[in-house]
2 protein chains.
Amino acid sequence: MTTDTKTQLMDAAEQQVRQKGADGFSYSDLSTAVGIRKASIHYHFPAKSDLLTAIMARYAKTVMTALDGYTRDLPTAGQRLAAFINVYRDALNEGSTLCLCVAYAVSQEGFSDATKAEIVTFRDAVSDWLINTFADAQTDGSITGVTDPKMEASHALAVVEGAQIATRFSEDMALFDQSCSALKGRITG
Amino acid sequence: MTTDTKTQLMDAAEQQVRQKGADGFSYSDLSTAVGIRKASIHYHFPAKSDLLTAIMARYAKTVMTALDGYTRDLPTAGQRLAAFINVYRDALNEGSTLCLCVAYAVSQEGFSDATKAEIVTFRDAVSDWLINTFADAQTDGSITGVTDPKMEASHALAVVEGAQIATRFSEDMALFDQSCSALKGRITG
DNA sequence: TCTTACCTACCTACTAGTAGATATACAAAA
DNA sequence: TTTTGTATATCTACTAGTAGGTAGGTAAGA
């Protein structure tokens, strides 16, 4: 099965952004990666900001589909939180790549409104998912000590994103696990 | 009192890195900010990597001096942890700037060995400070539920750095406080 | 007179982006 | 069936602007 050029471009761009940031790659890099002339990329994505927006939108869709899948398939809030942590663990690739959102955090100022909007929408969706998960935990008791789901949600997101940054420097996945273990330790079922 | 050019350059560079990342500013931007010709910057910092290394080293020194001051002046581990969280809170400037370390995280791959070494040294120093703080908490009881100081240290660092990222997008300091409140809530004295 | 701290003028390499030609495929009209 | 038209996806060749960095000169102070 051959992947169409547009998808190949998005794949390569996402990879590069997560490795080096939005300012860390060029259309020239991309053309080498995909095997297409630099100018041809502009056919699919007229401006770099279009590409940046497109990969953020796709990333949001992919992650939210996974999270919604956990809501459907995993019976307890604790299991869903564990799965959530694993999404951010897998995104690391042994420290070589970051979650797209973390990678976007630094360059954020130079982004187009469309890109920024896509990021905010994604973060809100993840937040809501976490709030629901912690609210469920209050009912099913699968996570200890939950009194404020909203607070727990922003705390949990900070932990996994912060753990990514730490692991990025150490290139040791054990540090990610150590950073998250206080959160994981509260899962009882 | 007039600040010397080298310091002015480092001040401007640090500001820009924390706003836009290491790839987000140029010697040209810097020359405008400081009022010196672009070529003259090379007199003080022959290569951009020299400047990047210098501001990381200075930042590390400043932060560690502050933290060591807390160890000296603040009687309980709880008070020291609260002060630590505040360092990362103040670094945010309402969401417009990040801690230099977080700002460096994305571009990290393209850095010189000297710059990387400076980052690692700094992170190790902060880690050690946190480990000592949590170890003290086990003795003075000023933070609840501390059983593993090393684990607590990496957890706490992840929380404050992750909280910075979240706040960066929302530009609402309340989100930083909310993300840290689970950690702060464990301080009893 | 040597050092410090700047300058002008320049270089090469790369950036995003544009213009216009071309090859292919597929469908409607002659 | 052949011709014509059109959309898709690519190409070559180019632009203006910016990147980091260098060469060599200059003015002031120790």
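Each chain gets a letter, A, B and so on, in the order its sequence line appears, and its residues count up from 1. Side chains are part of it too, since the values below use all heavy atoms of this structure and drop only hydrogens, waters and symmetry mates.
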(message) Applying side-chain hydrogen bond (donor to acceptor under 3.5 Å, both in side chains), can you list everything that pairs with B:Asn93, at least two apart in sequence or on another chain?
(response) B:Thr97
(request) Give the first and the last nucleotide of DNA chain D, reading 5' to 3', that has any atom under 4.0 Å from a heavy atom of chain B. (result) D:dA19 to D:dT22
(message) According to side-chain contact (heavy atoms from CB on, under 4.5 Å), who are the partners of B:Ala12, at least two apart in sequence or on a separate chain?
(response) B:Leu30, B:Ala33, B:Val34
(request) Could you state the atom-to-atom distance from NE2 of B:His42 to P of C:dC7 in whole Å? (result) 13 Å
(message) Just to be sure I understand the geometry, which residues of residues 23-40 of chain B put a non-hydrogen atom under 4.0 Å away from DNA chain D?
(response) B:Phe25, B:Ser26, B:Tyr27, B:Ser28, B:Lys38, B:Ala39
(message) Rounded at 0.5 Å granularity, tell me how far OG1 in B:Thr115 sits from CG in B:Asp50.
(response) 8.0 Å
Please list, for nucleotides 23-25 of chain C, all pairs of protein and nucleotide N/O atoms separated by less than 3.5 Å.
none

(request) Please list, by residue number, the residues of residues 47-56 of chain A whose heavy atoms come closer than 4.0 Å to an atom of DNA chain D; answer none if no residue qualifies. (result) none
(message) Do A:Lys6 and A:Tyr43 form a cation-pi contact, if we require the NZ or CZ to be under 6.0 Å from the six-membered ring centre and within 45 degrees of the ring's axis?
(response) no
(message) Once side-chain contact (heavy atoms from CB on, under 4.5 Å) is applied, do any residues pair with A:His42, and if so which ones, sequence neighbours excluded?
(response) A:Tyr27
(message) Closer than 4.0 angstrom, basic N to acidic O: yes or no for A:Asp23 and B:Lys20?
(response) no
(request) Output the distance between atom CD1 (B:Ile55) and atom OH (B:Tyr59), rounded to the nearest 0.5 Å. (result) 10.5 Å
(message) Side chains of B:Arg186 and B:Val146, heavy atoms from C-beta outward: is any pair under 4.5 Å?
(response) yes
(message) Please enumerate all residues that pass side-chain hydrogen bond (donor to acceptor under 3.5 Å, both in side chains) together with A:Thr133, with sequence neighbours excluded.
(response) none
(request) Using the ring of A:Tyr104 (Phe, Tyr or Trp, six-membered ring only), decide whether A:Lys116 places NZ or CZ under 6.0 Å from its centre and within 45 degrees of its axis. (result) no
(message) Applying side-chain hydrogen bond (donor to acceptor under 3.5 Å, both in side chains), can you list everything that pairs with A:Arg58, at least two apart in sequence or on another chain?
(response) A:Asp11, A:Glu14
(message) Can you list, in residue-number order, the parts of residues 102-114 of chain B that come under 4.0 Å of DNA chain C, counting heavy atoms only?
(response) none
(request) Using the test side-chain hydrogen bond (donor to acceptor under 3.5 Å, both in side chains), find all partners of A:Thr188 that sit at least two apart in sequence or belong to another chain. (result) none
(message) Is it true that, when you exclude B:Lys184 itself, more than 12 heavy atoms of the residues, nucleotides or ligands shown sit nearer than 6.0 Å to its NZ?
(response) yes
(request) Quick one: list whatever passes side-chain contact (heavy atoms from CB on, under 4.5 Å) with A:Ala135, sequence neighbours left out. (result) A:Pro149
(request) Decide yes or no for A:Tyr88 and A:Leu157: does some side-chain heavy atom of the first lie under 4.5 Å from some side-chain heavy atom of the second? (result) yes
